[in-house]
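Have a look at the structure below, then the notes.
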Amino acid sequence: MMNRVKAAVAQLVGGAVSNSSPGNGPESSFKFQYSRPAFLHLSWEENERAADHSSRPILTPSEGDSRTKLLPWDTGYAEMLEAGKSAFNEDQAAREIVCVERRSPKNRTVADAVKEDERVANEKQGLEFHYWALFDGHAGTGAAVIAAKLLHLHICDQLRDIVDILRDGDIPPPISLTSNAGAVTGDVAKTPTHQGDWEPPTDSESRFLLEKEISHEYLIIGAIENAFRQMDEQIEREQRSHGILGGCCALAVVYLLGKIYVANAGDSRAILIRNGETIPLSNEFTPESERQRLQYLGYLQPHLLGNEFTHLEFPRRIQHREIGRMMLYRDYSMTGWAYKTIEEDDLKFPLVYGEGKKARVMATIGVTRGLGDHNLKVHCSNIHIKPFLSCIPEVKVYDVTKYEHGVDDVIVLGTDGLWDVISDREVADAVIHILSNCEPDNPNRFTLAAQDLVMRSRGILKEHGWRLSNDRLGSGDDISVFVIPLYGHT
């Protein structure tokens, strides 16, 4: 029975096979209930204890009894509830192994089907990818819960169109004479040419008919980017049908064919610790880091500003009495500052206002990329903020096969609750300290490292709140951390 259920789920998402719960395909429309990650295997009592804002217990997959198993790759994971801002932990996490199978052509003949069955029977079917993801929710848990259950299935669905190209390299997928699918030469994909009465271009035409060679790496990046877009569209549908509110930052890692793809949309971050050194694998997307993109959109489409905001930035709010005076400013085209004469329009509120963690888009939200937020408006107005928020991630690639990794080399993923209070170097030092004090063959060492990072960033509850060892204020946010070992996985 269970196999039939899994097969039905796979059919919904186009051939994905994973350890996700039944019914979680991209086209499912059931209400997504709040829960903690399934791989924690929490009992009812453990779930109750996890929701205690006063004690903020740290949860790991190894906390339970014999029900729990180590995550694939012995991945370490730990999480903790925030200090009371919301009733639930708005962070979500996912760890999956997904098999990507080829998509069947829509109009294939019986002979085509027989040939395909014979080919599949003699070859290894599909490709397998490993997947880790963190989703930092805001204004509710709904978007993070949906994304945690479904994003990897959308990635699988996108990869199905190129699975033959990735696996075989020199065997193109079946295409019609008018198809836009890519033919393949070697390890790159090229745009197809029409068959039949084709003639080579003349010299005057050739410059308009150049073919671009697309690497497999960029095909995978494109699949991940489109999967994020599809995920965002599904969240919008679920929000319309079930009234789910909020959004989430999304940080996903895909290991496929010897390369790690780190896709980030938001302010969660990933770093690589290799030979004791730290290497950033993602960037934060905040109103400050994306100021020019936001201002340019406001400049191109001023109606999005609702006649209440200006795309220009000033070092402080402009007072009415300052009209006609000179004031420093900058716009989308500038990284530096210059002077301008203040006009009436400059009294509008800046599109991007504030500094550091206090910077906000339209005085409302502190991140500029993520999933969801389709209903988000400026307070007491009808101005939608979603047009300024991108669901497309930045994808960085790390080729695992190019390096010799030691037993302590890892990738650390963390939501902003970690990075707000601990630097990259402090994270690396803490991880190295824990791993060096464990036996190399201890599979729980990465979970201990994740647990230690959460504990360090939370601190200890004192009279004046949660404090770190140096008496700095600890993180009051939800915190989720993955520690992914690289040794032995090339």
Side-chain angles (χ1 to χ4, degrees), residues 53 56 79-86 89-92 134-141 143-144 246-251 264-271 278 280-295 309 313-317 330 335 337 349-373 376 378-379 385-386 388-390 393-394 412-427 430 453-454 456-459 464-481:
H53 290 273
R56 303 177 73 191
E79 70 171 42
M80 184 196 60
L81 185 68
E82 47 86 45
K85 293 186 298 181
S86 60
N89 188 336
E90 293 183 329
D91 281 2
Q92 288 290 332
L134 295 176
F135 304 93
D136 184 358
H138 49 258
T141 62
C248 66
C249 298
L251 174 63
N264 187 41
D267 59 0
S268 297
R269 287 205 295 113
I271 66 169
T278 62
L281 292 180
S282 67
N283 295 309
E284 294 183 37
F285 292 100
T286 65
E288 283 191 316
S289 69
E290 292 212 280
R291 172 187 63 84
Q292 290 175 292
R293 178 182 71 82
L294 301 172
Q295 289 179 330
F309 295 87
E313 180 184 10
F314 301 93
R316 58 174 173 81
R317 285 301 310 278
R330 61 180 177 179
T335 55
W337 295 80
F349 203 88
L351 170 61
V352 176
Y353 187 73
E355 188 175 6
K357 293 295 290 184
K358 295 183 179 180
R360 294 290 183 270
V361 179
M362 293 181 161
T364 304
I365 187 169
V367 292
T368 55
R369 297 200 193 191
L371 305 171
D373 290 313
L376 185 62
V378 175
H379 183 62
I385 300 178
K386 180 64 176 178
F388 293 95
L389 309 180
S390 174
E394 178 187 52
V412 177
L413 313 183
T415 53
D416 66 330
L418 172 73
W419 306 109
D420 285 350
V421 296
I422 301 182
S423 68
D424 290 7
R425 187 66 256 171
E426 289 173 317
V427 166
L453 289 177
V454 174
R456 285 173 182 266
S457 54
R458 178 197 65 181
H464 300 292
W466 295 90
R467 296 284 171 174
L468 306 182
S469 57
N470 55 8
D471 209 40
R472 286 184 301 164
L473 190 64
S475 177
D477 200 357
D478 300 315
I479 307 172
S480 299
V481 175

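Treat the numbers as computed from the prediction; the structure is a model and nothing was measured.
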pair [X]-[Y]: side-chain heavy atoms closer than 4.5 Å:
X: Trp419; Y: Ile271; answer: yes
X: Leu473; Y: Leu468; answer: no
X: Gln92; Y: Leu134; answer: no
X: Val378; Y: Ile385; answer: yes
X: Glu284; Y: Asp416; answer: no
X: Phe135; Y: Glu90; answer: no
X: Asn264; Y: Asn283; answer: no

Nearest heavy-atom neighbours spanning [X] and [Y]:
X: Gly247; Y: Asp373; result: N-OD1, 3.4 Å
X: Thr278; Y: Asp424; result: CG2-O, 3.8 Å
X: Ala363; Y: Phe349; result: CB-CE2, 3.8 Å
X: Gly137; Y: Cys248; result: CA-CB, 3.8 Å
X: Ala359; Y: Pro287; result: O-CG, 3.6 Å
X: Leu371; Y: Ala250; result: CD1-CB, 4.0 Å

About how many Å separate [atom2] of [Y] and [atom1] of [X], when rounded to the nearest 0.5 Å?
X: Glu355; Y: Arg360; atom1: CD; atom2: CZ; value: 13.0 Å
X: Leu281; Y: Arg269; atom1: CG; atom2: CZ; value: 10.5 Å
X: Asp91; Y: Asp477; atom1: CG; atom2: CG; value: 6.5 Å

Salt bridge (Lys or Arg N to Asp or Glu O under 4.0 Å) involving [X] - partner list, sequence neighbours excluded:
X: Arg472; answer: Glu426
X: Asp267; answer: Lys357
X: Glu79; answer: Arg36

With sequence neighbours left out, what residues match [X] under side-chain hydrogen bond (donor to acceptor under 3.5 Å, both in side chains)?
X: Thr286; answer: Ser289
X: Thr364; answer: none
X: Thr368; answer: Glu290
X: Ser268; answer: none

Which residues share a side chain to side chain contact (heavy atoms under 4.5 Å, CB included) with [X], sequence neighbours left out:
X: Thr335; answer: Gln292
X: Arg458; answer: Arg56, Ile58, Met80, Met455, Trp466
X: Leu81; answer: His53, Asn89, Asp478
X: Glu313; answer: Arg291, Gln295, Arg330, Trp337

If only atom types and distance count, is the side chain of [X] paired as donor or acceptor with the main-chain N or O of [Y] below 3.5 Å?
X: Lys386; Y: Gly372; result: yes
X: Ser475; Y: Val421; result: no
X: Arg293; Y: Phe388; result: yes

> Can you name the residues that form a ring pair (Phe, Tyr, Trp, His ring centres under 6.0 Å) with Phe314, not counting sequence neighbours?
Replying inline: none
> Have Asp136 and Thr415 got a donor and an acceptor in their side chains that come within less than 3.5 Å?
Replying inline: no
